[in-house]
Amino acid sequence: MKRIFSGVQPTGNLHLGNYLGAIKNFVALQDDYDCIYCVVDMHAITLWQDPGALRANTREVAAAYLAAGVDPKRCIVFNQSQVPAHAQLAWIFNCVARLGWLNRMTQFKDKAGKNREKASVGLYAYPNLMAADILAYKATHVPVGQDQKQHLELARDIAQKFNNDYETELFPILEPLILGPAARVMSLRDGAKKMSKSEASDMSRINMTDGADDIAKKIRKATSDAELLPGPEALDENGAVPEETRQARPEAYNLLGIYAALSDKPLAEAMTEFAGSQFSHFKAVLTDLAVAALGPMGHEMKRLTGDPSSVDAVLRDGAERARAIAEPVLREVYDKVGFLRS
Ligand code: TYM
């Protein structure tokens with residue numbers, strides 16, 4: 001069976017973008033693939049994390065996977081730092097990837113901001129660790145939101161360069177799976193900005209643990225425009241929103257995408273339902289849908305985080321199974337590189 005690897009950083013404030021862009025797809029894919037879902041705590045510390053908060057957030061991401069419906073028997077669920085192969089392979093990739101490649105990474109530029117000299121070396125080398133995450137399992141498919149596309153292209157370049165340099169076919173060519181109508185969920189306050197964990201205003205995002213009242217308030221106050229909602233004739237022949245069309249009404253298309261993803265409908269069908277409607281009517285229906293989808297999941301996340309030993313048991317078992325796959329791959333890599341095993 002083809003293998004999937006994906007991960008989410010335990011940096012707090014898991015939101016609807018993380019759910020619709022990634023976690024919801026993790027659940028759908030577990031029937032057809034051999035799936036490995038990681039809580040990437042080593043990536044999280046590329047920016048400062050309070051140790052106590054990191055522990056809590058690590059359990060919270062694992063709880064989100066489980067509450068969303070990831071089955072820890074069929075899938076491997078673990079946290080990255082429990083499997084040393086990630087760091088070991090990342091070092092080798094630090095020596096394969098070129099500075100010029102990393103210099104092009106837009107996420108580093110965004111996260112480092114103006115004060116680049118003060119950014120951690122880990123933040124810069126972040127995509128190499130991400131490549132190691134995936135390739136330590138020879139995973140071929142990687143479900144992510146749109147914002148991770150550039151990192152996955154780099155991971156593919158690293159795999160190819162390793163294979164070329166060492167004259168091997170050891171690493172497969174990996175493929176991003178950027179799925180569904182909400183692969184890039186935007187801020188509820190500003191349709192030009194991505195919904196993000198680090199945005200100061202909590203009103204900009206719906207958190208996976210928000211209760212019904214918060215969800216309702218955030219959707220009601222979400223930025224909208226003065227026009228009626230567009231119908232499916234606005235879409236191109238592939239059923240996607242042309243970029244110019246989106247830019248003219250980013251908030252409307254964002255909310256329609258969220259509605260389509262939450263209700264498991266193609267965007268065209270969602271748009272047919274609300275063509276010519278007022279925002280107020282649409283927002284009321286969207287609120288009910290979001291509360292119905294997120295409410296039980298948020299409850300289950302809280303129940304699980306209230307029982308940390310059960311979450312830790314899942315992570316421990318997952319780490320053991322992950323090590324059993326990654327260690328032989330790492331041994332193959334070490335042999336190719338010429339590291340002596342005595
Ligand atoms: P992270 O923790 O920032 O986000 C986790 C997942 O959520 C997706 N996502 C979104 N999708 C749609 N709309 C949004 N507004 C939105 N915000 C976040 C992300 O695309 C991601 O799929 N580098 C990764 C974690 C990682 C990883 C990996 C992923 C580390 N190693 C290996 C795949 C494979 C990250 O920072 O995700």
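All of these numbers come straight from a predicted model, not from anything done at the bench. Counting convention: from 1, in listed order, for ligands and their atoms alike.
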Within ligand 1, which atoms have a heavy atom of [X] less than 4.0 Å away?
| X | result |
| --- | --- |
| His43 | 30 (C), 31 (N) |
| Phe5 | 32 (C), 34 (C) |
| Gly21 | 11 (N), 12 (C) |
| Arg184 | 12 (C), 13 (N) |

If you apply the rule ring-ring contact (aromatic ring centres under 6.0 Å, His included), what do you find for Phe93 with His86, and how did you get there? CA-CA 10 Å; Phe93 288 169; His86 293 248; over 10 Å; no
What class does the angle between the rings of Tyr124 and Phe108 fall in, given that below 30° is parallel, 30 to 60° is tilted and above 60° is perpendicular? perpendicular
Considering [options] one by one, which has a heavy atom nearer to [atom] than any of the others?
| atom | options | value |
| --- | --- | --- |
| atom 19 (C) of ligand 1 | Leu177, Asp147, Ile4, Val144 | Asp147 |
| atom 34 (C) of ligand 1 | Leu129, Leu16, Val142 | Val142 |
| atom 28 (C) of ligand 1 | Met130, Lys24, Gln80 | Met130 |

Looking only at protein heavy atoms, identify the closest one to [atom] and say how far it is in Å.
| atom | result |
| --- | --- |
| atom 22 (O) of ligand 1 | Gly145 N, 3.1 Å |
| atom 12 (C) of ligand 1 | Ala183 O, 3.2 Å |
| atom 6 (C) of ligand 1 | Ala22 CB, 3.6 Å |
| atom 25 (C) of ligand 1 | Gly7 O, 3.6 Å |
| atom 4 (O) of ligand 1 | Asn18 ND2, 3.4 Å |
| atom 13 (N) of ligand 1 | Val185 N, 2.8 Å |

Run the ring-centre check on Tyr65 versus Phe26 and record whether the distance is less than 6.0 Å. yes
Would a line drawn from the ring center of Phe5 to the ring center of His141 be shorter than 6.0 Å? no
Run through Asp202, Asp213, Thr287 and flag the one making a side-chain contact (heavy atoms from CB on, under 4.5 Å) with Lys218. Asp202
Apply salt bridge (charged side-chain N to carboxylate O under 4.0 Å, His left out) to residues Asp317 and Arg321 and explain how you reach the verdict. CA-CA 6 Å; Asp317 171 65; Arg321 288 154 62 202; 3.0 Å; yes
Does at least one non-hydrogen atom of [X] fall below 4.0 angstrom from an atom of ligand 1?
| X | value |
| --- | --- |
| Ala182 | yes |
| His15 | yes |
| Lys197 | yes |

So Arg55 and Asp41, salt bridge (charged side-chain N to carboxylate O under 4.0 Å, His left out) or not? Walk me through it. CA-CA 9 Å; Arg55 274 186 281 274; Asp41 47 7; over 6 Å; no
Residue-level breakdown please: for Gln9 versus ligand 1, do any non-hydrogen atoms fall below 4.0 Å on the side chain, on the backbone, on both, or on neither? both
For ligand 1, note which part of Val40 has a heavy atom under 4.0 Å away: side chain, backbone, both or neither. side chain
